[in-house]
Student: 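I'd like to ask you about the structure that follows.
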Amino acid sequence: MQHSKSGSTMRLAIGLAVCAVALGVHSAPAFAQSYEADGTTPGQAAVGAALDALAPSAAAGYAGILDAIDALPDASARAEALGQLGAAPYRLMPRLSIQSMDATDREIRGYLAQRREFALDASPGVPVSGDRTINVMVSYGLKQGDYHARPDRPRANFDSRSIRAGFDISPVPGLILGTSIGIDGIDANLDRSQQPRSTLFNANVTPYASYTNGRYYVDATAGYTRSWYQLRRQVSFTGFSDRLQSGPNGDNAAATVEAGGIFKLGVLRAQPFAGLHYRYADLGGFVESGGPASLAVAKFKTESVRSSLGMRASASLRKGAWTLRPSVEAQWQRELRSRPESRIEAIFLQGGTPIFTLPSTRYDRDGAVVGAGISAVYGERTALRLSYSGEFANDRRIHGFAITANHRF
């Protein structure tokens, strides 16, 4: 989200006062060469302008960086070095927290679809409400994704592992109320130069609800996630190398509402649906430790409001005490917010330069989400579900797999 320059400076000064107050800001240029002119993207140019404004009294602390940049063979190499010195590798991190919340939401709504079909197909005498409908659920998920490179946004890939548990009850027929808690770890390679990889640990609590009368349904989830980051980046170009790290935290929120119709033809069931998805994730301000390339970075965030339209189809196949329920679904999602991601503001920790800004960016607004799964239910009490989900857009490809088990007491 865009802010005024004075508001951004104040926010950075509050969060990282040691940088803005103790070290000070100077604007007198120290060198005739213009590093800003070497930048080929707004973020690279911003770092170059900060180095151009370096005060002579502070130049000694940056001699290794400046001498190495000056010795590079051409403007392209200098631009690449300026990009490494900025905060671009961190652009993706709040987005990964949103991916974690998306995975949680999809697993829970897939589970609710299974529970809904169980209730609709239940044999006479099977309880559909009351204390005999208490369910306990556990799930384990795997996810892998790739984000394509864009200006001031390096290519990134990630993989994650998650586990969650929950319980729910049907206090009246057709209504499910429950909650889940879960954790997941994400391992992200922020671009080809970032070694070792950065990591993200999330802990979440997600209440959920579902209602159906047999002709339509409404599902809702809401949750809070706390994120702990271990950020690492390697600044490395000919003549200079610096390994940097930091450990900020983040607070995240999510909510989803989905409603649809239910149409049955023999063993087949179709569910057209529409949904609204809200996601918020932030990365708290942090200070890197390492060498002269260390940055102090202000808090920044990612916020998303998406609509979805889709169709889910399933079948119910009985054989003895077992029931198999294969299902497929496809949906189109559209980002409704017109504002881009928030910009990122940083300053070199040694001081002597002004704050420089990584401009706002936008992820592709349209995406397709597909899914497939199969549930095996034994004795109308115990179920096991295997599922796949995929998200596809012009700038990303994300694949997820999950196994979910639940038991009715």
Side-chain angles (χ1 to χ4, degrees), residues 12 19 23 25-93 147-156 189-196 198 231-246 287-298 300 341 343-361:
L12 186 62
C19 304
L23 298 176
V25 173
H26 303 275
S27 59
F31 303 97
Q33 177 175 344
S34 172
Y35 297 106
E36 182 179 8
D38 289 327
T40 58
T41 69
Q44 293 170 358
V47 174
L51 294 176
D52 287 339
L54 189 63
S57 60
Y62 297 91
I65 295 175
L66 300 177
D67 289 345
I69 295 176
D70 291 342
L72 292 173
D74 51 43
S76 175
R78 291 191 291 273
E80 196 274 335
L82 293 173
Q84 288 194 44
L85 291 168
Y90 298 138
R91 168 68 75 185
L92 182 68
M93 301 311 291
Y147 282 81
H148 304 169
R150 294 291 185 268
D152 290 320
R153 199 180 84 196
R155 179 188 177 189
N189 184 9
L190 300 179
D191 72 13
R192 63 176 179 80
S193 67
Q194 305 307 309
Q195 295 294 334
S198 291
L231 305 180
R232 304 173 181 88
R233 66 185 180 105
Q234 180 76 44
V235 178
S236 180
F237 48 89
T238 302
F240 182 80
S241 180
D242 202 354
R243 178 169 290 187
L244 309 166
Q245 61 182 3
S246 58
V287 176
E288 293 180 322
S289 62
S294 297
L295 299 178
V297 180
F300 61 98
E341 310 288 312
R343 63 188 187 183
I344 302 176
E345 296 164 330
I347 191 171
F348 285 111
L349 195 58
Q350 292 190 101
T353 69
I355 294 168
F356 50 91
T357 300
L358 187 68
S360 302
T361 189

Student: Can you tell me if D152 uses its side chain to pair, donor with acceptor, with the backbone of A88 under 3.5 Å?
Tutor: no
Student: Please give me the minimum heavy-atom distance between G291 and L244, naming the atom from each residue.
Tutor: N-CD2, 3.5 Å
Student: Less than 4.5 Å apart, side chain to side chain, heavy atoms only: is that true for I69 and F237?
Tutor: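 Of all side-chain heavy-atom pairs linking F237 with I69, at least one is under 4.5 Å.
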Student: Do the charged groups of R91 and E341 touch, with an N to O distance under 4.0 Å?
Tutor: no
Student: Are the side chains of M93 and L231 in touch, meaning some heavy atoms are under 4.5 Å apart?
Tutor: yes
Student: Mind checking whether F348 and Y62 have parallel, tilted or perpendicular rings, split at 30° and 60°?
Tutor: perpendicular
Student: Between S198 (side chain) and R232 (backbone), is there a donor-acceptor pair under 3.5 Å?
Tutor: yes
Student: So do the side chains of L54 and L66 get within less than 4.5 Å of each other, counting heavy atoms only?
Tutor: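 Yes - at least one pair of side-chain heavy atoms lies under 4.5 Å apart.
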Student: Give me the atom names and distance for the closest heavy-atom approach of A68 to T238.
Tutor: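 Scanning both residues completely, I find the closest heavy atoms to be CB-O, 3.7 Å.
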Student: Give me the atom names and distance for the closest heavy-atom approach of P73 to A77.
Tutor: CD-CB, 4.1 Å
Student: Once you round to the nearest 0.5 Å, how far does CD of Q245 lie from OG of S294?
Tutor: 9.5 Å
Student: Can you tell me how far CZ of R153 sits from CG of L358, rounded to the nearest 0.5 angstrom?
Tutor: 11.0 Å
Student: If you define the side chain from C-beta out and look only at heavy atoms, does anything of L295 sit under 4.5 Å from F356?
Tutor: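 Touching, per the 4.5 Å side-chain cut-off.
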Student: Taking atom types as modelled, is there a side-chain donor on S236 or Q84 under 3.5 Å from an acceptor on the other?
Tutor: no
Student: So which heavy atom on P359 is nearest to which on G43, and how close?
Tutor: CD-N, 3.9 Å
Student: Would you give the length of the straight line joining atom CG of D38 to atom CG of L72, rounded to the nearest 0.5 angstrom?
Tutor: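 Going from CG on D38 over to CG on L72, the span is 9.0 Å.
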Student: Which atom pair, heavy atoms only, marks the closest approach of G351 to A58?
Tutor: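 For G351 and A58, the tightest heavy-atom pair comes out as O-CB, 4.3 Å.
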Student: Ignoring hydrogens and geometry, is there a side-chain-to-backbone donor-acceptor pair from Q44 to L82 under 3.5 Å?
Tutor: no
Student: Say you draw a straight line from CD of E80 to OG1 of T41; how long is it, rounded to the nearest 0.5 Å?
Tutor: 11.0 Å
Student: State yes or no: are the ring centers of Y90 and F300 separated by less than 6.0 Å?
Tutor: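 Centroid distance Y90-F300: not below 6.0 Å, so no.
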Student: If we ignore hydrogens and angles and just use 3.5 Å, is the side chain of Q350 paired with the main-chain N or O of G61 as donor and acceptor?
Tutor: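 Here the side-chain-to-backbone pair exists.
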Student: Could you tell me whether a side-chain N or O of D242 sits under 3.5 Å from a main-chain N or O of A293, the two making a donor and an acceptor?
Tutor: yes
